[in-house]
Amino acid sequence: DTIGAHIASAGARKVLLCYGSERIKREGLFDTVSQNLADHGIEHIELGGIVSNPVISKVREGVELAKHHSVDAILSVGGGSVLDSAKAIAAGAHYNGDVWDLFAGKSELSSALPLFAILTLAATGSEMNPYAVVTNEETHEKLSIGNDYTRPVVSVLSPALMAGLSRDYLVYSAADIISHLIEVYFTATVQPAIQSRLVEALLNTVIETTQTLISNPEDEATRGEFAWAATLAQNGLILSGCAGFSYPNHAIEHSLSALFNVPHGAGLSVVMP
């Protein structure tokens with residue numbers, strides 16, 4: 001109920017509202033959000049149908065809509081795939097060429113529309129970092145962009161909005177969070193002890209909360225802890241003071257999902273062992 005006020009305070013009056021499945025309409029979230037926007041004098045343009053493992057063709061569609069309607073902000077309502085697409089659209093709306101140029105390194109990401117987010121799934125940490133990963137269906141490349149221009153202005157995380165998550169996507173999400181944590185933990189050549197302890201605390205939290213949510217999906221407090229762990233795993237906190245790290249599990253999985261379109265967390269659960 002606060003998103004309209006945040007967007008209005010940023011001076012935006014027309015947004016591109018990005019979402020994935022029709023679930024947000026069936027469960028009433030879409031109506032709640034659109035009414036809240038209207039209450040604050042904000043018009044919205046819809047872009048639905050964003051899929052898991054987001055694709056550049058949908059991003060291009062969003063960029064075209066954003067430019068055609070002269071929107072002045074992007075609003076993501078969904079999980080990490082929707083938010084990654086929204087980040088790419090926000091960047092592409094300020095770019096005169098093909099948005100894929102930014103992913104391929106042919107041009108520099110130097111501006112973007114302001115971005116806002118409502119999370120319905122916790123996994124990627126995209127709500128508090130600038131990174132977006134998108135697949136080019138034609139070339140089977142899965143590449144990323146991200147700098148401070150694509151960091152969300154405001155992200156709303158409510159465990160109540162994540163209650164409808166299936167068991168499969170809960171464990172895929174857990175695998176993604178765990179991978180974010182262990183990539184740095186096992187590859188960094190420099191990692192202060194306190195940073196290692198933070199990683200270990202977050203790993204234990206993800207393991208414990210996942211087990212609890214499998215047996216009791218209605219536990220809202222535990223779902224909130226799970227969501228906060230997802231955010232802290234990829235918002236830069238665990239990287240502080242670290243050096244010489246890489247993301248080999250993600251690099252391998254991005255190839256898997258680019259070629260075979262497996263869910264990201266499912267691919268990571270195969271790669272990590």
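What's counted below: heavy atoms across the whole structure, side chains too, no hydrogens, waters or symmetry copies.
For the side-chain contact (heavy atoms from CB on, under 4.5 Å) with Phe103, the qualifying choice from Leu109, Thr135, Ile145 is Ile145, the only one to do so. When each of Glu141, Lys142, Glu137 is tested with Thr139 by the rule side chain to side chain donor-acceptor pair (under 3.5 Å), just one qualifies, namely Glu141.
Side chain to side chain, Asn261 and Asn53 meet the donor-acceptor criterion of an N or O pair below 3.5 Å. Ser257 and Glu253 are linked by a side-chain donor-acceptor pair at a separation below 3.5 angstrom, with hydrogens and angles left out of the test. Counted by atom type alone, Thr205 and Glu225 present zero donor-acceptor pairs between their side chains at under 3.5 Å.
The CG atom of Asp84 sits 10.5 Å away from the OG atom of Ser52 when rounded to the nearest 0.5 Å. With rounding to the nearest 0.5 Å, the separation of CD1 in Ile118 from CD1 in Ile24 is 8.5 Å. Between atom CD1 of residue Ile42 and atom OG of residue Ser34 there is a gap of 12.0 Å, rounded to the nearest 0.5 Å. Once rounded to the nearest 0.5 Å, the distance linking CG of Leu119 with CG of Leu161 reads 9.0 Å.
Applying the ring-ring contact (aromatic ring centres under 6.0 Å, His included) test to residues at least two apart or on different chains, the pairs with a partner in residues 171-215 are Tyr169-Tyr172, His180-His250. For residues 123-165, the set of pairs meeting the ring-ring contact (aromatic ring centres under 6.0 Å, His included) definition, not counting sequence neighbours, is empty. The salt bridge (charged side-chain N to carboxylate O under 4.0 Å, His left out) analysis of residues 149-167, with sequence neighbours excluded, yields the pairs Asp148-Arg151.
The environment of Glu46 atom CD is dense: over 12 non-hydrogen atoms of other residues, nucleotides or ligands sit within 6.0 angstrom. Counting heavy atoms of neighbouring residues, nucleotides and ligands inside a 6.0 Å radius, atom CG of Asn96 does not exceed 12 of them. Residue Glu64 places its CD atom among 12 or fewer non-hydrogen atoms of other residues, nucleotides or ligands, all under 6.0 Å distant.
Between Ser179 and Leu268, the shortest heavy-atom contact is OG-CD2, 3.5 Å.
Between the side chain of Ser70 and the main chain of Ala66, no donor-acceptor pair closer than 3.5 Å is present. Side-chain N or O atoms of Asn129 include one that pairs as donor or acceptor with a backbone N or O of Gly125 at under 3.5 Å.
Contact annotation: the side chain of Tyr95 approaches that of Ser107 to within less than 4.5 Å [non-hydrogen atoms, C-beta and beyond]. Between Cys242 and Pro192 there is a side-chain heavy-atom pair separated by less than 4.5 Å.
Note on Arg197 versus Glu200: salt bridge recorded, some NZ/NE/NH1/NH2 to OD/OE distance being below 4.0 Å.
Annotation: side-chain hydrogen bond (donor to acceptor under 3.5 Å, both in side chains) contacts of Lys58 (sequence neighbours excluded): Glu61. With sequence neighbours left out, Gln35 forms a side-chain hydrogen bond (donor to acceptor under 3.5 Å, both in side chains) with Asp39.
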Side-chain donor-acceptor contacts of residues 4-16 below 3.5 Å, not counting sequence neighbours, with atom names and distances?
unit_1, atom_1, unit_2, atom_2, d
Ser9, OG, Ala5, O, 3.4
Ser9, OG, His6, O, 2.7
Lys14, NZ, His69, O, 2.9

